[in-house]
Amino acid sequence: AVDINVKTFEKQLSIIGLSYDWSRRVNTTDPEYYRWTQWIFLQLFNSYYDTKKNKAESIESLVNTFEKSGNAKINAHHTCKIIFTGKEWKSFDGLKKQEILMNYRLAYESESEVNWCEGLGTVLANDEIVDGKDGKTVSERGGFPVEKMTIRQWSMRITAYADRLLKGLEKLEWSSHIKEIQKNWIGESVGSEIEFKIKNSDDKIKVFTTRADTLFGVTYVVLAPESDLIEKLNDQIQNKKEVEKYIDNVKNKSDEDRKNTEKEKTGVILEGVYAINPANNEEVPVWVADYVLASYGTGAVMAVPMHDERDREFSTKYELPIIDRPLVDKNDITEKVRGKIVTKYKMRDAIFARQRYWGEPIPLKRDKDGVITAVKKLPLELPKVTSYEPTGKAEGPLAGVKTWVKEGYETNTMPGWAGSSWYFLRYMDPKNNKNLVGEGEVDYWKNVDMYVGGAEHATGHLLYSRFWHKFLKDIGVAKTEEPFKKMKNQGMILASDNRKMSKRWGNVINPDEIVKTYGADTLRVYEMFMGPFDQSLPWSTESIIGSRRFIERVYRLASKINKDKKTNSELEKVLHKTIKKVNEDIENFAFNTAISSMMIFVNEAEKHENISVDDFKIFLQILAPFAPHMTEELWHEIGEKKSIHISNWPKYNPKKIIEDTIKIVVQVNGKVRAELSVSLDATEDQIKEIALNDKTILAWVDGKEIKRVIYVKGRLVNIVI
RNA sequence: GCCCGAGUGGCGGAAUUGGUAUACGCGCACGACUUAAAAUCGUGUCUCGCAAGGGAUGCGGGUUCGACCCCCGCCUCGGGCACCA
């Protein structure tokens with residue numbers, strides 16, 4: 001299937017004349033390619049993030065530290081909740097060590113809640129699910145129901161790079177729009193972590209707030225239903241049954257239920273439990289409520305109904321007090337209650353596993369005791385199977401392959417974004433079988449100068465690639481901090497009904513058909529001419545004829561070539577203006593106006609009886625990137641032996657576009673009333689003089705007092721009366 | 001709800017980023033060529049008005065000699081996020 005599709009795509013690309021260097025083609029499904037995807041995975045697996053050095057470091061060096069002094073003073077991005085000494089570490093068995101290290105590895109195994117889709121028999125990412133008709137979530141593909149389920153997953157610790165991913169945006173030459181999306185997705189917020197002691201207990205509730213200034217107005221504290229503190233406080237809670245029932249309820253609540261209640265906040269009080277406000281020692285009740293998320297901040301919130309809308313809504317519903325207390329300085333109060341100023345991110349770690357056959361195998365194996373080791377010989381190839389359909393269970397089809405399971409190989413496969421997160425590096429050195437990319441090659445190419453892609457990848461591919469690239473930089477493979485220096489986002493060509501082209505709507509335009517009917521050059525010119533590059537536009541088979549006519553008119557223009565005639569200076573002037581315009585427009589990705597300026601040239605040329613060979617050749621050259629086939633043909637007909645596409649790009653001659661007279665518009669009170677033609681060297685005073693004595697202007701001014709005369713160089717005179 | 005974009009003829013769009021609004025193309029109308037049609041070429045095509053002139057860049061204000069462009073307040077459409085403390 002892959003081979004057939006590759007052939008189809010290559011044919012389509014070549015039919016419209018796109019000149020790729022096929023010797024650098026890569027195929028992410030080729031074991032010779034994905035052995036390096038697997039290699040990167042293993043590097044991530046064997047790394048942790050050193051928060052002091054602010055880069056990835058080998059897990060071995062972390063293990064060394066553990067052996068020496070435990071993990072109490074480690075500078076690492078982690079989720080480990082256990083504190084141990086070096087001595088204790090040494091006493092742990094292999095499985096225990098593995099479990100602890102999973103909290104540090106950049107690629108790690110974890111039980112996590114996922115979107116399980118029974119219909120597709122697989123787990124879906126958030127951007128693969130959509131809201132269905134009756135408010136229930138369904139898969140984007142097929143529209144099957146989706147529910148939450150906890151399964152064994154592999155994840156990528158992208159959150160370790162949150163700060164670098166955010167800061168790096170500043171230097172990128174991307175559209176501000178995409179940068180904004182990534183910035184919001186990463187979602188940095190700076191606030192305070194403050195501890196509330198629990199009355200009659202050694203436990204504390206740590207909350208995160210961006211409004212420490214409202215600390216005196218706290219009326220209660222809320223825990224997320226998943227909080228393990230609830231278990232710990234079991235002895236104190238007087239309404240255990242009610243609390244248990246509530247938590248059970250929340251857990252069983254699927255997404256659709258949450259939506260059906262229109263997100264009305266629910267919660268239950270922990271009777272008998274009180275938190276002590278560190279600012280004033282007031283005792284406030286503790287609640288459990290589902291509007292607090294376990295996954296963000298500390299999973300606990302201090303409620304200030306006076307200043308927070310959600311808290312107010314909740315307070316109103318459960319008739320809790322709303323008190324007004326004076327505000328204080330955020331930093332001072334945080335320090336006073338021995339809190340900490342911290343930075344939190346909305347972004348979560350990325351799930352890195354699929355329960356599908358198609359995907360790079362994760363190169364890990366598990367021995368009988370459950371200890372995971374890296375596969376030594378890469379690539380680890382997918383086994384040949386007779387059926388690769390989903391198993392219907394929350395595990396990949398590989399779990400049903402006996403030989404695979406016997407070896408202890410991981411049965412999840414990698415997601416689609418694995419191979420696409422680094423492929424541009426492989427372009428630099430596609431056939432290297434010793435390294436991902438050779439040192440010399442990566443030094444030469446560095447990174448991608450100009451990346452063109454869809455804006456829909458803003459929080460997917462474009463973020464993952466940046467993450468991997470930064471990691472590869474840390475381990476010395478990549479040479480730059482960012483993979484894509486400049487980026488332009490092309491708009492999508494929509495169907496003529498203004499919807500996305502889709503088999504579902506039956507509105508797909510097949511490029512092969514268009515090429516067959518109108519020609520490849522016409523298709524190219526039309527797509528460029530339709531409108532701004534970054535704008536999504538509806539396809540119009542009715543309008544494409546204009547581009548075809550343009551091509552034909554250029555072709556007919558060749559009959560006007562006169563080898564003896566000298567260049568016509570008037571036409572030459574238009575030509576040089578066109579060269580200038582086309583040059584600037586290509587630089588700016590303003591292809592639509594480049595084509596319009598070439599149309600203007602053709603309109604002009606048609607008015608002349610002759611056109612010199614040299615002028616015509618220059619015109620063909622600037623048109624060549626847009627209409628490569630026809631221009632090449634004419635180029636050879638004129639007698640050129642080599643390809644037009646390797647000829648030198650024409651430069652415009654500034655001397656040839658100078659006008660000897662300029663047009664000056666004369667306005668009265670900002671309205672255009674006359675037009676003057678003055679010589680190029682006329683002075684400001686001379687032009688004003690001519691304007692004021694112009695017949696039509698005199699009629700408009702009609703003896704009224706002239707308050708001001710404004711002159712804009714080379715453009716206009718405005719007379720204010 | 002919050003955050004980004006965008007709104008210009010019948011249609012796709014242009015406008016040197018504060019200086020002649022509607023370039024270029026499609027469509028439409030009329031004409032030339034043709035026995036005829038297609039193709040091609042020519043002319044016209046924002047709107048009201050006989051004209052002189054007036055009015056128009058989603059709506060309402062403002063700044064300015066001058067605003068599609070800048071500022072304030074709305075409306076509509078597209079995209080992103082969504083109980084993020």
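B:C65 and B:C59 are spaced 26 Å apart, taking the C1' atom of each and rounding to whole Å. Here the separation of B:A51 from B:A37, taken at their P atoms, is 34 Å to the nearest Å. For B:U45 and B:G9, the C1' atoms lie 10 Å apart once the distance is rounded to whole Å. Comparing the same atom, P, in B:U57 and in B:C50 gives a spacing of 24 Å after rounding to whole Å. Spacing between B:C68 and B:U20 at atom C1', rounded to whole Å, works out to 14 Å. One P atom belongs to B:A15, the other to B:C81, and the distance between them is 31 Å to the nearest Å. Separation of the P atoms belonging to B:C2 and B:A85 is 15 Å when rounded to the nearest angstrom. For B:U16 and B:C69, the P atoms lie 13 Å apart once the distance is rounded to whole Å.
Residue A:Trp185 places its side chain closer to B:C81 than to any other of B:C83, B:G12, B:C81. Residue A:Glu180 has its side chain nearest to B:C4 when only B:G25, B:C4, B:G27 are considered. For A:Val292, taking side-chain heavy atoms from C-beta onward, the closest of the listed nucleotides B:A85, B:G19, B:C26 is B:A85. Of the candidate nucleotides B:A23, B:A85, B:U40, B:U40 has the atom lying nearest to any side-chain atom of A:Arg556. Nearest nucleotide to the A:Phe529 side chain, out of B:C24, B:G19, B:C41: B:C24. Taking the side chain of A:Glu542 as heavy atoms from C-beta on, and the options B:C26, B:U20, B:G13, the nearest nucleotide is B:C26. When the nucleotides B:G25, B:G55, B:U20 are ranked by their closest atom to the side chain of A:Lys671, B:G55 comes out on top. When distances are taken from the side chain of A:Met599 to each of B:C24, B:G54, B:C4, the shortest belongs to B:C24. Distance from the side chain of A:Val665 is smallest to B:U20 among B:U20, B:C83, B:A14. Ranking B:U40, B:C3, B:G53 by closeness to the A:Glu552 side chain, first place goes to B:U40.
In this entry B:A39 has no Watson-Crick or G-U wobble partner, no candidate having both defining distances under 3.5 Å. Pairing for B:C81 is with B:G1, a Watson-Crick or G-U wobble pair whose two hydrogen-bonding atom distances lie under 3.5 Å.
Ionic pairing of A:Lys607 and A:Glu604 is present here: one or more N-O contacts between side-chain nitrogen and carboxylate oxygen are shorter than 4.0 angstrom. Between A:Lys560 and A:Glu606 there is no salt bridge, since none of the side-chain N atoms of the basic residue sits less than 4.0 Å from a carboxylate O of the acidic one. A salt bridge links A:Lys688 with A:Glu684: at least one charged nitrogen is closer than 4.0 Å to a carboxylate oxygen.
Using a 4.5 Å heavy-atom cutoff, the side chains of A:Arg673 and A:Thr696 are not in contact.
You won't find any donor-acceptor pair under 3.5 Å spanning the side chain of A:Arg549 and the base of B:U40, going by distance alone.
Remark: A:Lys344 qualifies as a cation-pi partner of A:Phe208 under the 6.0 Å distance and 45° angle criteria applied to the six-membered ring.
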